[in-house]
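Have a look at the structure below, then the notes.
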There are 4 protein chains.
Amino acid sequence: MRVQQPRALERYQRILDAALRVFSRRGYHDSSVDEIAGKARTSKGGIYFHFPNKEAIFLALLDRATARLLAKIDEAMASQTDPIARAEAALLAVLRVFAKHRALARLFMVEALGAGREFHSRMADIRSQFAAIIQRQMEEAIRQGIIQPIDTEVASHAWFGALNEVITSWVFSGRPERLEDAYAALKPLLMQSVGLNHRSDRPVPER
Amino acid sequence: MRVQQPRALERYQRILDAALRVFSRRGYHDSSVDEIAGKARTSKGGIYFHFPNKEAIFLALLDRATARLLAKIDEAMASQTDPIARAEAALLAVLRVFAKHRALARLFMVEALGAGREFHSRMADIRSQFAAIIQRQMEEAIRQGIIQPIDTEVASHAWFGALNEVITSWVFSGRPERLEDAYAALKPLLMQSVGLNHRSDRPVPER
Amino acid sequence: MRVQQPRALERYQRILDAALRVFSRRGYHDSSVDEIAGKARTSKGGIYFHFPNKEAIFLALLDRATARLLAKIDEAMASQTDPIARAEAALLAVLRVFAKHRALARLFMVEALGAGREFHSRMADIRSQFAAIIQRQMEEAIRQGIIQPIDTEVASHAWFGALNEVITSWVFSGRPERLEDAYAALKPLLMQSVGLNHRSDRPVPER
Amino acid sequence: MRVQQPRALERYQRILDAALRVFSRRGYHDSSVDEIAGKARTSKGGIYFHFPNKEAIFLALLDRATARLLAKIDEAMASQTDPIARAEAALLAVLRVFAKHRALARLFMVEALGAGREFHSRMADIRSQFAAIIQRQMEEAIRQGIIQPIDTEVASHAWFGALNEVITSWVFSGRPERLEDAYAALKPLLMQSVGLNHRSDRPVPER
DNA sequence: GATGAATGAGACTTCATTCAT
DNA sequence: CATGAATGAAGTCTCATTCAT
């Protein structure tokens, strides 16, 4: 539905805001369009003017959140030049956004997976986008001789997975208190995994 | 629920087998008790004789699958003595079971997460159990001086997360063709991440 | 839905009875499944156990009514041997059934037409069946030399149409008081239209 | 509703044109005001400026179509003097209009009936108007001694019904290819039904 | 014990109608 | 005048759960 009036645009955003709250609280299936409408201070019909169906709300939400997350990542990376520092900045940016918006974390880490078949390909896309960002930095690091050649596809997925798991268990358990603290413990593992000495951020010499 | 007679026991298992097929194909919410009944060659009433509700089927299935997986892990670890080798054996055992039963992988990696609030605490438990197995081996390795002291809680979660991600992306994309191949690429990363030279499986000397 | 228990069969019929009442009173679109359920002393779910959707209820009703009407026609025709008398008997049988069950008349004459695209081919079938009965008798009459050769396809449709119109205007206006009276006035027209002198039921000699 | 300005009048007609297309394609209930608005190159609000509700659009359309049809009939009858020839001219005029505008035929023959209770009395009126035209000619023919006295009310309805049926089955089946061909076969039946020899258009002498 | 049948709450979705700009 | 936007009632259908045989 192409929206033309500014009032409508605002309501469109309000619906997505409400959807984020509801979906992340109840999960996709247990969320009702009625509740989203209520929280968005609009009516069921108002929702269906902007979205063709419930699935589309979820996808739009996912897309908006992904775009915002990627923007934050770009911004964070821009302030670094060293590829490893850039990769780190990306990870930290993700962590910070999720730490600030736990609902968003739940959306990406939990609900998006189990919401149904229809979302899997979209989620696979999103996961790929994030992994690819890390992968690109790893390849640049290899090119610059900062790290030894490795299988960057697997490595980037492993980094991404490690981060995911930390976030997910935080979503479920609430530990650590400050999600960002987790990064301090995770960082040396990630660095060493690609052959970097985490103290010097310099390669570990092979024996 | 209380099952004693052999006929009943057999039907109970048949229901779980059917449930695994249906849940992993359609996801929790889109699976109907009717379809499970059909695939288990019984009736809706028959299901409700054995289980109080749909949720209980899913939980019983999760429990059975977890127990079987843990048994496989125990068995695999029993043939190793070196703690790092034991940890590796555990990871490989998980990978092999999932590689053989993709439905099971989907159940654990995808459906269990998004099935709804009710399952989250149970899933958190299960994740902890797996991470704890790895954590114990890491601690033993530290005790034996094989690796330097590290934050084993974070490290074990990171290992688990990396493995998860590899499995999940395999579930979604079907790549790599043989899931076990992924381990070959993953292993050096994991080893190095805890400060082991993957070629010698010996510690990387700090500079 | 295959029904096995006698209780279910009875309810199936009760649903159709209720559907006839509701559809003929409100029309297809303005009838709600809820109201049919209420009138059938069952629940919405009960209806959907027996029928896959609202359309199927309507079609089943149409089929049952058609079968009953055709049976009445067969019965009425069986008591006559002369083809013209048999055709007349068929028309009168239709008239009598509709006169007795005005709801049925409304169903066939009004609701079935406007219920929607999906019903058109079924209705065309039904119309053909009725016209074909008359057509067969006309052809037999020609074969026996009772009437002159005519285009029996058009003639049977014309007879059927004339009858329809009389019934339809009765459905709408309630005139004549007794629908069967209409036949007395219609009969001579029909007879003459195929070249029979209505007084003698013998052919009108061409000049 | 009150339309005076030329721009408004033109839009009013455009809405009716669009409504005819939409209603005859989808039926009354499955037509949405939105689609009519789209096809009329206006907006929902634009429609509701001209019509108080959807029903009013349909009725206005019915009225406009009826008026045009009656005008065609008048025109056709004007060129004849013999009452039987005039009746025939009327029937042929109807047939020709419908043959040319199948959408119109569908509107009158199918949608108008099943559109709902609200339209029944209006449709009864319209049917009466058509039947009355034929009835008047029949009475004139009787007065002039061209045909024997008959029940003109029933006879006119029978003629009208026969014509209806031919048109309806053409709407549904598309046969005959040219609707006008149907009249050739129908004419002798109608003539004979009122006691006219179709070859000479002269009365059939009673024996 | 087991099965087919029934229930009923609740979900999504549509759309005629109204309203604000 | 016209449009896009919003409303809200109502409808069909699903399905976990319960019940009667």
Side-chain angles (χ1 to χ4, degrees), chain A residues 1-12 15 29-37 40-57, chain B residues 5 7-8 11 29-37 41-57, chain C residues 1-12 15 29-37 40-57, chain D residues 5 7-8 11 29-37 41-57:
Chain A
M1 193 56 54
R2 194 56 41 80
V3 163
Q4 288 158 347
Q5 301 177 7
R7 186 173 55 124
L9 192 64
E10 187 229 315
R11 182 156 305 196
Y12 178 91
I15 291 172
H29 274 100
D30 293 341
S31 298
S32 76
V33 175
D34 247 336
E35 185 176 357
I36 296 174
R41 278 168 299 141
T42 182
S43 63
K44 228 185 312 199
I47 300 237
Y48 279 91
F49 177 77
H50 288 284
F51 300 92
N53 52 40
K54 184 179 167 184
E55 185 183 330
I57 306 173
Chain B
Q5 312 199 358
R7 269 256 303 283
R11 176 158 308 189
H29 275 100
D30 292 343
S31 297
S32 75
V33 176
D34 245 338
E35 185 175 359
I36 295 173
R41 280 167 302 147
T42 181
S43 65
K44 246 197 258 205
I47 299 240
Y48 278 88
F49 175 74
H50 287 287
F51 299 91
N53 52 40
K54 183 179 168 184
E55 188 183 326
I57 307 173
Chain C
M1 192 57 55
R2 195 57 41 79
V3 165
Q4 288 157 350
Q5 301 177 6
R7 188 173 54 124
L9 192 64
E10 188 229 316
R11 181 155 306 196
Y12 178 91
I15 292 171
H29 274 99
D30 293 341
S31 298
S32 77
V33 174
D34 249 335
E35 186 177 356
I36 296 174
R41 278 167 300 141
T42 184
S43 62
K44 223 184 316 197
I47 299 235
Y48 279 92
F49 177 78
H50 288 284
F51 299 93
N53 51 42
K54 184 180 167 183
E55 185 184 329
I57 306 173
Chain D
Q5 313 200 356
R7 267 258 302 285
R11 177 156 307 190
H29 275 99
D30 292 344
S31 296
S32 75
V33 175
D34 245 338
E35 186 175 357
I36 295 173
R41 279 168 303 146
T42 181
S43 65
K44 244 197 259 206
I47 299 242
Y48 278 88
F49 174 75
H50 288 286
F51 299 92
N53 52 39
K54 183 179 168 183
E55 188 184 326
I57 307 173

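Below, read A as the first sequence line, B as the second, and so on, with proteins coming before strands; counting in each chain starts at 1. Because the structure is a prediction, the values reported are computed rather than measured.
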- Nucleotide pairing, DNA chain E (Watson-Crick or G-U, distances under 3.5 Å), in dot-bracket with [ ] and |: .||||||||||||||||||||
- Closest non-hydrogen atoms of Lys54(A) and Ser31(A), given as atom of the first, atom of the second and distance, are NZ-O, 2.8 Å
- To the nearest 0.5 Å, tell me how far Ile47(D) CD1 sits from Thr42(D) OG1. 6.5 Å
- Search all heavy atoms of Ser43(B) against all heavy atoms of Ala37(B) and return the closest pair with its distance. C-CB, 3.6 Å
- Query: Quick one: Ile57(C) CD1 to dG11(F) P, roughly how many Å, whole number?
  - Reply: 14 Å
- Message: Measure CZ/Phe51(A) against P/dT7(F) and give the value in whole Å, please.
- Response: 14 Å
- Task: Quick one: sort the Tyr12(A) and His50(A) rings into parallel, tilted or perpendicular, breaks at 30° and 60°.
- Result: perpendicular
- Take Ile47(C) and Arg41(B), find for each the nucleotide of DNA chain E with the closest heavy atom, and name the residue whose nucleotide sits nearer the 5' end. Arg41(B)
- Short side-chain N/O contact from Arg11(A) to OP1 or OP2 of dT7(F), under 4.0 Å: yes
- Message: Tell me the interatomic distance from Phe49(D), atom CZ, to dT3(F), atom P, rounded to whole angstroms.
- Response: 11 Å
- Shortest non-hydrogen separation from Ile15(A) to Gly46(A) and the atoms involved: CD1-O, 4.2 Å
- Answer yes or no: does a side-chain N or O of Thr42(B) lie under 4.0 Å from OP1 or OP2 of dT3(E)? yes
- Task: Please report the shortest heavy-atom distance between Tyr48(D) and Asn53(D), naming the atom on each side.
- Result: CE2-CA, 3.8 Å
- Query: Tell me, for nucleotides 15-21 of chain E in 5' to 3' order, what letter each nucleotide earns: B for a base near a protein heavy atom under 4.0 Å, S for only sugar-phosphate near one, - for neither?
  - Reply: -BBB---
